[in-house]
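Being a predicted model, the structure only gives us computed values, none of them experimental. When reading the values below, keep in mind they use all heavy atoms of this one structure, side chains included, and skip hydrogens, waters and symmetry mates.
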Amino acid sequence: MLNRALRRFLGLIWRLIWRGALAFIVLSIALVLLFRFVPPPGSMVMVERKIQSWINSEPIDIQRQWRSWDNLSSNAKLAVIAAEDQRFPQHRGFDLVELKRALKASLDGERLRGASTLSQQTAKNVFLWSGRSWARKGLEVWFTLLIEMLWSKQRILEVYLNVAEWDTGVFGLEAAAGHYFGASGSALTERQASLLAAILPSPRTRSASRPDAQVERRSQWILQQMRNLGGVRYLDRL
């Protein structure tokens, strides 16, 4: 009797698990397909910032204006690729070269280096919470694979530029361009684009309009990388 009840209980648990997994897979695919054509209404990072502001009783004003691909600065598109993911047109979501380098550096006792691609960052920003847990990393892999399969490279970069965080409450290129330079996200100069890309590793502690020495050096490096890539013609590879 006890064994039969236990088997029924375990069977119920198993059915709940696989049905829940199936529902998650179907829902996530449907969501990624929807956002292939429809601008995401926001991002999970925006939700996280709002929740943090409520918990800390520190009101936050989310600034964000969606802009389509043609209304995003080509200089900014190239700058973030040069700064964050120069093999973006070639890889399928994961840069194995950078992953191997990061692993080697870690094994050699060096500081852990980042190896996230623009695709991974887009997946994380839109669909997931921040943090470094294995569960979040596993979901990041899943959503990265989905957007690489269901979106074009242009769409991935378009969404990324519209959801990236550039200061506290400042999301997307249009809001960032206005916040730092009083400019439109479609008309950024190479210099302005390189400064915006330079602060992406720590956007809430650095400024594109008042760059410190570290941001200035990174900006100059990004400008050189943009030229090494061949300028905005590089975007034709997307």
Nearest heavy atoms of [X] and [Y], plus distance in Å:
X    : Y    : value
W66  : P40  : CZ3-CD, 3.6 Å
P59  : S57  : CD-O, 3.6 Å
G93  : T117 : O-OG1, 2.7 Å
L195 : A208 : CD1-O, 3.4 Å
L235 : S74  : CD1-O, 3.7 Å
L200 : A164 : CD2-CB, 4.4 Å

Report yes or no: do [X] and [Y] belong to one cluster of Ile/Leu/Val/Met/Phe/Trp/Tyr joined by side chain heavy-atom distances under 4.5 Å?
X    : Y    : value
I51  : V163 : no
L150 : V26  : no
L33  : L145 : no
W54  : V47  : yes
V38  : Y160 : yes

Measuring only between side-chain heavy atoms, which start at C-beta, is [X] closer than 4.5 Å to [Y]?
X    : Y    : result
V159 : W69  : no
I81  : Q225 : no
H91  : K153 : yes
P89  : Y234 : yes
F88  : S119 : yes
F127 : T144 : no
L72  : N162 : yes

For this session: Give the intermediate values and the outcome of side-chain contact (heavy atoms from CB on, under 4.5 Å) for residues L128 and M44.
Result: CA-CA 6 Å; L128 303 171; M44 288 304 295; 5.6 Å; no
Exercise. Do the charged groups of E174 and R64 touch, with an N to O distance under 4.0 Å?
Worked result: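 Answer for the salt bridge query: no.
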Problem set entry | Basic-acidic side-chain contact under 4.0 Å: E140, K124 |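 Answer for the salt bridge query: no.
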Main-chain N/O of [Y] paired with [X] side-chain donor or acceptor, under 3.5 Å:
X    : Y    : answer
W151 : V32  : yes
Y180 : W166 : yes
R218 : S194 : no
D85  : L118 : yes
D212 : V215 : yes
T189 : Q192 : yes
K77  : E158 : no
R206 : P211 : no
N71  : R67  : no

Problem set entry | Test side chain to side chain donor-acceptor pair (under 3.5 Å) applied to S116 and Q121, step by step | CA-CA 7 Å; S116 289; Q121 293 179 50; 5.5 Å; no
With rounding to the nearest 0.5 angstrom, report the [atom1] to [atom2] distance, [X] to [Y].
X    : Y    : atom1 : atom2 : answer
D95  : E84  : CG    : CD    : 12.0 Å
Q52  : T168 : CD    : OG1   : 10.0 Å
N228 : M226 : CG    : CE    : 11.0 Å
W18  : I25  : CH2   : CD1   : 11.0 Å
L31  : L146 : CG    : CG    : 10.0 Å
I156 : Q154 : CD1   : CD    : 11.0 Å

For this session: Go through L196 and L173 one step at a time and tell me if the side-chain contact (heavy atoms from CB on, under 4.5 Å) criterion holds.
Result: CA-CA 9 Å; L196 286 175; L173 186 65; 3.9 Å; yes
For this session: Describe, in one word, how the ring planes of W142 and F24 are oriented to each other, choosing from parallel (under 30°), tilted (30 to 60°) and perpendicular (over 60°).
Result: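 Geometry flag for F24 against W142: tilted rings.
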Exercise. Who else is in V45's hydrophobic cluster (ILVMFWY, side-chain heavy atoms under 4.5 Å, direct or via others)?
Worked result: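 Taking Ile, Leu, Val, Met, Phe, Trp and Tyr as members, V45 shares its hydrophobic cluster with M46, I60, I62, F171.
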Exercise. Which residues pass the salt bridge (Lys or Arg N to Asp or Glu O under 4.0 Å) test with R227, sequence neighbours left out?
Worked result: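 R227 satisfies salt bridge (Lys or Arg N to Asp or Glu O under 4.0 Å) with E190 once adjacent residues are dropped.
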Exercise. Step by step, would you call R191 with E216 a salt bridge (charged side-chain N to carboxylate O under 4.0 Å, His left out)?
Worked result: CA-CA 10 Å; R191 164 78 173 160; E216 189 64 57; 2.6 Å; yes
Exercise. Only one of E48, R136, E165 clears side chain to side chain donor-acceptor pair (under 3.5 Å) with S130; which?
Worked result: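 Exactly one pass, corresponding to E48.
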Problem set entry | Audit row: I147, V126, side-chain contact (heavy atoms from CB on, under 4.5 Å) steps and yes/no | CA-CA 11 Å; I147 66 174; V126 175; over 6 Å; no
For this session: May I have the step-by-step check of side-chain contact (heavy atoms from CB on, under 4.5 Å) for R19 and L22, ending in yes or no?
Result: CA-CA 5 Å; R19 286 175 183 174; L22 181 61; 5.6 Å; no
